[in-house]
Each structure stands twice: as C-alpha cells, then as structure tokens.
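Worksheet: one structure, shown below.
Each chain gets a letter, A, B and so on, in the order the sequences are listed, and its residues count up from 1. Bear in mind the structure is a predicted one, so any value in this text is a computation, not a measurement.
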There are 2 protein chains.
Amino acid sequence: MDIRDIAAKSGYGVGTVSRVINDQPNVSDRARERILAVMAELGYEPNSNARYLKMRSQTPVAVFVMGVGNRMFDDILGPLQAALAREGEQIVVTYLNGDVDEVRTAIDYQQARHPKGMVFLGGELESFRASFHEIETPSVLVTADASQLGFANLSSVTIDNVSAARSAVGHLLERGHRRIGIVGGNRAGGQIGELRLRGAEQALHEHGIELDYERDFEPCDFIEVGGYEATRRLLERSGDLTAVFALGDVVAFGALRAIVDRGLSVPGEVSLVGFDDTAFSQYAVPRITTVRQDAARLAERAAQLLLDALRDGSPATHELVDFELVERESVRSL
Amino acid sequence: MDIRDIAAKSGYGVGTVSRVINDQPNVSDRARERILAVMAELGYEPNSNARYLKMRSQTPVAVFVMGVGNRMFDDILGPLQAALAREGEQIVVTYLNGDVDEVRTAIDYQQARHPKGMVFLGGELESFRASFHEIETPSVLVTADASQLGFANLSSVTIDNVSAARSAVGHLLERGHRRIGIVGGNRAGGQIGELRLRGAEQALHEHGIELDYERDFEPCDFIEVGGYEATRRLLERSGDLTAVFALGDVVAFGALRAIVDRGLSVPGEVSLVGFDDTAFSQYAVPRITTVRQDAARLAERAAQLLLDALRDGSPATHELVDFELVERESVRSL
DNA sequence: TTCTCGCTTGGAAACGTTTCCAATTCCTGT
DNA sequence: ACAGGAATTGGAAACGTTTCCAAGCGAGAA
C-alpha cells in the first residue's frame, strides 16, 4: 500500500497526502480530514526507508554499551534517553560484551545506517583506535576520556578518574590503613581501570608507599564474579590486608562476598571502598563507602554535547564532571 | 557519492557494481577487482535506506526492555544477542522505563521501520493490549505469558510464575514460617507480579492461611528503592513477620537493607526469599534463597522461537522453561 | 566458417517517498 | 464585476539502490 493508493482513494494528489503525513501547512481542513480518514481506513503506514532515502535524513542516535551487567551503565542509560528524547532525538542501543569482532561488526552496521550521532558507554576502547579515528559522525564517549585516548574527533564526558581514585585511597590512608589491596580493572588494559589504578598509586605514593602490583593488585572484569575471584586470590596471597579498594561497585559486590567468605568482617577486619555509587553500594550490608559518579549528570552533559554537535556542529569537546567521596559504613579507622 | 559514480569511474555499469557490492556471481574477477579498488579509493558506502527500500527488506530485530535497572534483563540480553547473532540476526534495543506514552512512541517508531521481528523483555504489558493485538511482525514476549494476556499472535517464553512462587512460599511454610510478608509487584498490575502473588497466595492457602493483602502485602516497582520502602512500610505495619518473600531479586536487595535497618537480622529474625537468581542473590551477605529463572535458557528459547517464525513462519507458540528453588542462607527453620 | 551456449555486462524500470513548480481555486477590496 | 494575491492542489522529478531482460562476447562443436 502506497501513498498513491491513499491519493487515489481520497481523491487528492500525492503531494497533498504527503503534506498531511508530515503535518505541513497549506492543506485545507477538509482535505486533511478526508485523507486522515482514508489512511486510517486502509491502515496505511509510511515506508520509512523511502522516506529516509528521500529526505537524506539519518537514523537515530546509536548508543553502544560496552559491557552488559554493569549497573552504572543502566543508571546512565535512562537519563540519557530522557534528555535526548526531550529534544526529539530517539536512541537505539546496541549491547556489546567486549568481543572485538562483535564490536566492529556492530559499529560498522550502525555506521552504515548513518546515525545522526553516536554515544559510547564504557571504556574498553583501546582496540578500536583505528576505527575510531575515521569516525566523523558526531560522537561522545561517556565515562571514558577521548582526549587521553587520542581521539580528537570525539567528545567525551567523564569524571577525573585518577583524582577520584586518589581521594578514595587517600580516605583509606587517612584512616590509618597501610596495607591496601586493589581489585578490578581488566588485564587487557581498559582505560578506566588504568586511570583509577594510577590514582590509587599516587595516593599511596603521597603517603610514602609504593604499590606492589604483584602482591597487592588483582585485575578483573567489571562484573561480580570477577570481583569475587580476584579478591579471593588477593586475600589468599596477602593475609595482612586491612583494606580493599574495588575499582567499581560491581567489583566491590564480589569483593564483599569474598571477604566475608574468608571469615573476615567488613569493616571490622577489612575495610572496603567501591567506585561509582550504584544502587549496590547504597543498599549493601554494610553500606559501602564509594566514589560517587553522578550518572544523571554524566548523561545530561553527554546529551548536551551531542545535541550541540548535531545542531551547530560544535567541535569535539572534553568535559569533566565532579565526583564526590561518599562515606558510609564500610571503612573503619585504625 | 553514488553507485553511478563508481560505475562511471570504474568503466563498468551500475548493474555490475551492484553485483559486486552484493557478492553475487557472474562478475569477472577483473571487474570485481577493479570495482572494489574504485570503491575503496572513493570511500564509497552504500546507502542503506535506498537498499532497504528496494529490497523491501527489513530492519533488524527490535528488542524492547521494559524497565531499566532490573538485572534480570541484563542477564537475558547478552545470551539473546548471542543466540540471534549466531544466526546472523542483528538486534537493536530500546530501553523503556514504563511511561505509557513513551512505550507507545517507541513501539510505533520501531514498527514503522518494519523490523524483522520483535522481542519484549518484561511484563508491564497490560496497557498496550490494544496496540499488541495489531502486531503481525513475528514477536516474542520473554518473561511474560502471551497466552494469558490474550495475545494469540505473539509467542512467549516464560517460567510458570505461579508454581515458582508457590514453591518459594511453600519452602518458607515448610520451615515453619506462618507470618510471611510479600513485597513487590506493582500496583498498576504488572502480569509478573500478579502471577507470583497468586502463587504465594495458593501456597498460603494450602497451609490453611489466607493472605491478608492489606496487612501482609506491599506492592512496589522492581527496583531497589521500591523494595526498600515497601519492606519498611510492611515491617512497620506488622512487626511479627517472620519471613519476607520478595517478588524479584532487586526487590529483595532493598528488602534486605530495610530489614537490617530495622535492627533485625537475616535469617536470624527474619527470613528472606527472592526471585530470579540474579548476581545479587548469589553474592549478597547473606546469600539469598531464591527461585532460579534461567536467563540463558530463556534467551535461547526466545531466540529459537523468533528464528522459527522468521524462517518458516511458524505460528505463535507459548513455551515454559523450568525453574528451580535454590536454597542458600537467608532462610531459617523455625 | 557458422552456430550455440554460457558467462559477463549494461541500463531501464521500479521501490515509496518528498519536493518543487506550476496550476487552480478562493478570497478580498475596489 | 473584476483584478490580484493568498491559499491549496497536482504531479513530475529525484533520492540511491536492486532487478531483470536484453545484448555482447568468446570458445568450443559441427
């Protein structure tokens, strides 16, 4: 069924029908009414491919979520969608679980549809350096720092991960902790993990302690089981740890369980600080001290950056949003 | 840039170029090579709108996630994407957070693009009865029961929620609990909550107890804060509760916190059982007894049903997958 | 040489829209 | 009654592909 069918049946021309469909002026009420009626009667649906073809218009903003199961991303996704929707921009999200080929395919696929813009949630972007440099679609990285990654063509909004991690570990240090284990940040070298690790190292260094990677650091993916296993190994290796810094709340969740499984209590024997301030750290028993990354604000700024680029063609920008150490119940003073 | 530009520059006709693009036979190696070279040189990218228009082909499978932040959905999404990808089907996911208008818009939008198929994750479908009846795109509901909802045109895969809930509450009953509070399932009447509630009621009934909705039931959304608030209210109202059944693990997470905040211990003073078996219940302290809903299997079956419908036009089917009560540490025998 | 047959190739038509321009109709003021 | 302008309308052209049919070509058979 065609716009021509509608035209024929309604007695008007295709031009008029098209104008009705697109809510354009210069159509008499009579015509509009009649045409709408016929469309309803025939159950007509415009063909969006033809439409997009003709309008040279683009498909909605494509959002890529790098890693499923990290609550932080869920928290960002909602506000992001809301902020974009407010300006009439639809989003289409693709979930990626890290496999390089999969990511490539997905990005290529979406790129081929010429999305208006793209948003990347999450950090394991290193392997895509090559593909990313070619991107000219307005794009923003959320939670990862494009400038540090060397993508001058992409915007990004993130917190200062190294400072944030430094303050988290600093907090532990101020409370008298000296033997601090660090868990999270995956081996492959995700940017986020790396930056947070660097912050931790700095804090330690400022207190005259050099981080012993071999002994006090255990990498893992940002997923509960990763945190659990990594912490288990860490604890096994160095029993004298008095605190654990998890590079993400999901990881902290696993860590908490691992600590308890070892017969230790939090914060009684081992203190724990997380990162992100997702629902987990707010509701866990005990409530977890963590670094708050404001998901809503991140999302909002990302949306704004994208919108700016879409509307005025604003150049790629890098933006930092504030973080905040939120003290709860999982850290004990020594 | 056009397929015609490629044709002109390569010295071949558009037909041949098109055949090269689509990897079709009947093209000499010489031609193929030359055309590929020109395409690379000019950085040509086929216009997918034109292509889809002409091929009357459809956009990828659209997945709708009804409610962001419920870990269960994340757990399903990964395997679902994987299973579909294995058969070459891409997915595009839309996140919905329950607002009726938003859902309508999103579904309309995706429908207009004529997706090959659709998948709905989650249950608050009641308000869309009208729209759903008109769907003729192969679609499957995951986690919700299409037949009970009266959508003969949709497939669905789910567990038997009422039996599962019955066994969960039965477990509590067998352990001697008599004063059981139920929390979760939202007021608006999501199917899932309703079914689980019914199962709980049955179990109680079988033990000669009639559920007092006013006193022992507190509805809430499937989100941590909902579980927290609802449980707080419940506990305030009836202090003699000896167990709480949360209609979802996320809810149980909030419930656990609320119980502890009241100075009660789990399972010492209050036992807790959840539903879903997401990472939360496995890693929580204490580990939560819950009803296992096999996310991977759910996803796999859903993918298969959809694929069948896509390939052979198999009719809508309703499928049940097994559930399992997994006993952990949050239930005490009285 | 001539015929056939199979592989390549070219290009017009079609997919379902929007857009633009020209044509028509309808008012309004004189 | 009529001119002139505004509002409405019709329909051809164009968007960038794929598809189909006809045509070209060469090689092997007769």
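- Atom CG in A/Asp5 sits about 13 Å away from atom C1' in C/dC15, given to the nearest Å.
- With distances taken from any side-chain atom of B/Val14 to the nucleotides C/dG10, D/dA12, D/dT18, the minimum falls on D/dT18.
- Using a 4.0 Å heavy-atom cutoff across all strands shown, B/Asn22 reaches sugar-phosphate atoms only and no base atom.
- Heavy atoms from other residues, nucleotides or ligands lying under 6.0 Å from CD of B/Glu33 number 12 at most.
- Between the CD1 atom of B/Ile21 and the CD1 atom of B/Ile6 there is a distance of 7.5 Å, given to the nearest 0.5 Å.
- Within 4.0 Å of B/Ser18, counting heavy atoms only, lies at least one base atom of the nucleic acid.
- In this structure, B/Ala50 and B/Gly15 both approach DNA chain C, and ranking their closest nucleotides by distance from the 5' end singles out B/Gly15.
- Listed nucleotides C/dA12, C/dA13, C/dG16 differ in distance to A/Asp2; the shortest reach to its side chain belongs to C/dG16.
- When distances are taken from the side chain of B/Lys54 to each of C/dT18, D/dG16, C/dT9, the shortest belongs to D/dG16.
- Distance B/Ile35 CD1 to C/dT8 C1': 11 Å, rounded to the nearest Å.
- Contact check, B/Ser28 against C/dT9: a side-chain N or O comes under 4.0 Å of OP1 or OP2.
- Residue B/Glu300 holds its CD atom at 7.0 Å from CZ of B/Arg86, rounded to the nearest 0.5 Å.
- The CZ atom of A/Phe73 sits 5.5 Å away from atom OG1 of A/Thr143, with the distance rounded to the nearest 0.5 Å.
- Proximity note for A/Tyr44 (side chain, C-beta onward) versus D/dT18, C/dT9, C/dT17: the nearest is C/dT17.
- Residue-level contact check: A/Arg56 touches the backbone only, with heavy atoms under 4.0 Å from sugar-phosphate atoms and none from bases.
- In this structure, B/Asn26 CG and B/Arg32 CZ are separated by 9.5 Å, a value rounded to the nearest 0.5 Å.
- Backbone-only engagement by B/Ala31 is indicated by non-hydrogen atom pairs under 4.0 Å involving sugar-phosphate atoms exclusively.
- Among the atoms of the strands shown, only primed sugar atoms or phosphate atoms (P, OP1, OP2) are found under 4.0 Å from some heavy atom of A/Pro46.
- Using a 4.0 Å heavy-atom distance criterion, B/Tyr12 is classed as a sugar-phosphate-only contact.
- At a cut-off of 3.5 angstrom, the base of C/dG10 holds at least one donor-acceptor pair with the side chain of B/Arg19.
- Among D/dT17, C/dT8, C/dT18, the nucleotide with an atom closest to any side-chain atom of B/Asn26 is C/dT8.
- Residue A/Gln24 places at least one side-chain N or O closer than 4.0 Å to OP1 or OP2 of C/dT19.
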